[in-house]
Trainee: 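For reference, the structure I am asking about is given below.
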Amino acid sequence: MKSDIKLIDKEGKRLDGRKRDELRPIKIEVGPLYRADGSCYIEWGGNKILAAVYGPREALPRHIQHPLRAVVNARYNMASFSVEDRKRPGPDRRSTEISKVISEALEYVILTEQFPRAMIDINIEVLDAEAGTRCAGLTAAAVALADAGIPMRDIPVACAAGKIDGQVVLDLGKEEDNFGEADLPVAIAPRTDEIILLQMDGHLTVKEFDEAIELAIKGAHVVSELQKKALLAKYAVAKEVKQ
Ligand code: UDP
């Protein structure tokens, strides 16, 4: 959406003072939930999101079972208080779409063939939303899967890039998402840089698209290091206690 609002000032700073290739502050906590098999709490800018993983466990009802692999069900939900205009509770088109693309992205890295007839449930609850929730949600879900000990080929991670005031920038905030020209969420398997989720809202030229993908992948690698650091922080402590 075009607007008269200036999103980048003369010095090249964005509304929240960030440079064009700078991420919002990110904090990742592993295992905050007692009951879940694996969990993660992430704060990414103004986003606050909890991810809880249950499974692998017998897929029920039985007709959803796959004889050769586990079924992966990610469910993305926004709390009604997570946005300014109260969101009507329950699934809608947007959350159904986000649940589907996140399920498919995660299914690609999980070694589902090790768990025939099982299901892996991934719940993503957005408590506070400030743009980029699908990237933050997928990133938290990946950490929760690792916390649950679910075997994966890689720990997936996501980050968005976009276009505001004619410039390609990293990790759009709320005003940038509302008034910018494009948003491009990308999820990767960071060891191989395989793209496992790619969506686009708005318009980019081919050159801008290439630039945005490259920037998003670079950002995702920074987030990937934070995921690993958070997991090590939990399991390094656990190992020390055991000795
Ligand atoms: N949003 C909202 N109400 C809604 C859905 C979204 O206020 O019903 C806000 C929320 O802050 C969200 C942002 O719009 O993070 C951008 O939503 P989008 O669909 O682009 O997904 P996201 O960027 O969160 O992955």
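As the structure lists them, so they are numbered: ligands from 1, and atoms in each ligand from 1.
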Trainee: Which residue and non-hydrogen atom of the protein lie closest to atom 23 (O) of ligand 1, and at what distance in Å?
Mentor: G132 N, 2.8 Å
Trainee: Do I213 and L170 belong together in a cluster built from hydrophobic side chains that touch within less than 4.5 Å?
Mentor: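 Shared cluster, yes.
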Trainee: Which residue, K6, R18, K163, forms the salt bridge (charged side-chain N to carboxylate O under 4.0 Å, His left out) with E176?
Mentor: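 Looking at K6, R18, K163, the match for E176 under the salt bridge (charged side-chain N to carboxylate O under 4.0 Å, His left out) is R18.
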Trainee: Just to confirm my output: which protein heavy-atom neighbour is closest to atom 4 (C) of ligand 1, and how far is it?
Mentor: M78 SD, 4.2 Å
Trainee: Considering only the protein, which heavy-atom contact is closest to atom 16 (C) of ligand 1, and what is its distance?
Mentor: D177 OD2, 3.7 Å
Trainee: Using a strict cut-off of 4.0 Å, indicate which atoms of ligand 1 neighbour a heavy atom of K174.
Mentor: 9 (C), 11 (O), 14 (O)
Trainee: With no hydrogens and no angle check, do the side chains of E130 and N47 hold a donor and an acceptor under 3.5 Å apart?
Mentor: no
Trainee: Counting only heavy atoms, tell me which of R94, E97, R134 gets closest to atom 25 (O) of ligand 1.
Mentor: R134
Trainee: Are the side chain of R75 and the backbone of P91 linked by a donor-acceptor contact shorter than 3.5 Å?
Mentor: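 Checked: no pair found.
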Trainee: Which protein heavy atom lies closest to atom 15 (O) of ligand 1, and at what distance to 0.1 Å?
Mentor: A131 N, 2.8 Å
Trainee: Do you know which two heavy atoms are closest between A182 and H203, and how far apart they sit?
Mentor: CB-O, 3.6 Å
Trainee: Do the side-chain N and O atoms of R94 and Y76 include a donor-acceptor pair separated by under 3.5 angstrom?
Mentor: yes
Trainee: For atom 24 (O) of ligand 1, grab the closest protein heavy atom and report residue, atom and distance to one decimal in Å.
Mentor: T133 OG1, 2.5 Å
Trainee: Heavy atom to atom 1 (N) of ligand 1, shortest distance: which of L172, V83, I98, D92 holds it?
Mentor: V83
Trainee: Given 3.5 Å as the limit, does a donor-acceptor pair link the side chain of D177 with the main chain of L172, or not?
Mentor: no
Trainee: Just to confirm my output: which protein heavy-atom neighbour is closest to atom 8 (O) of ligand 1, and how far is it?
Mentor: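 Sorting protein heavy atoms by distance from atom 8 (O) of ligand 1 puts K87 CG, 4.2 Å first.
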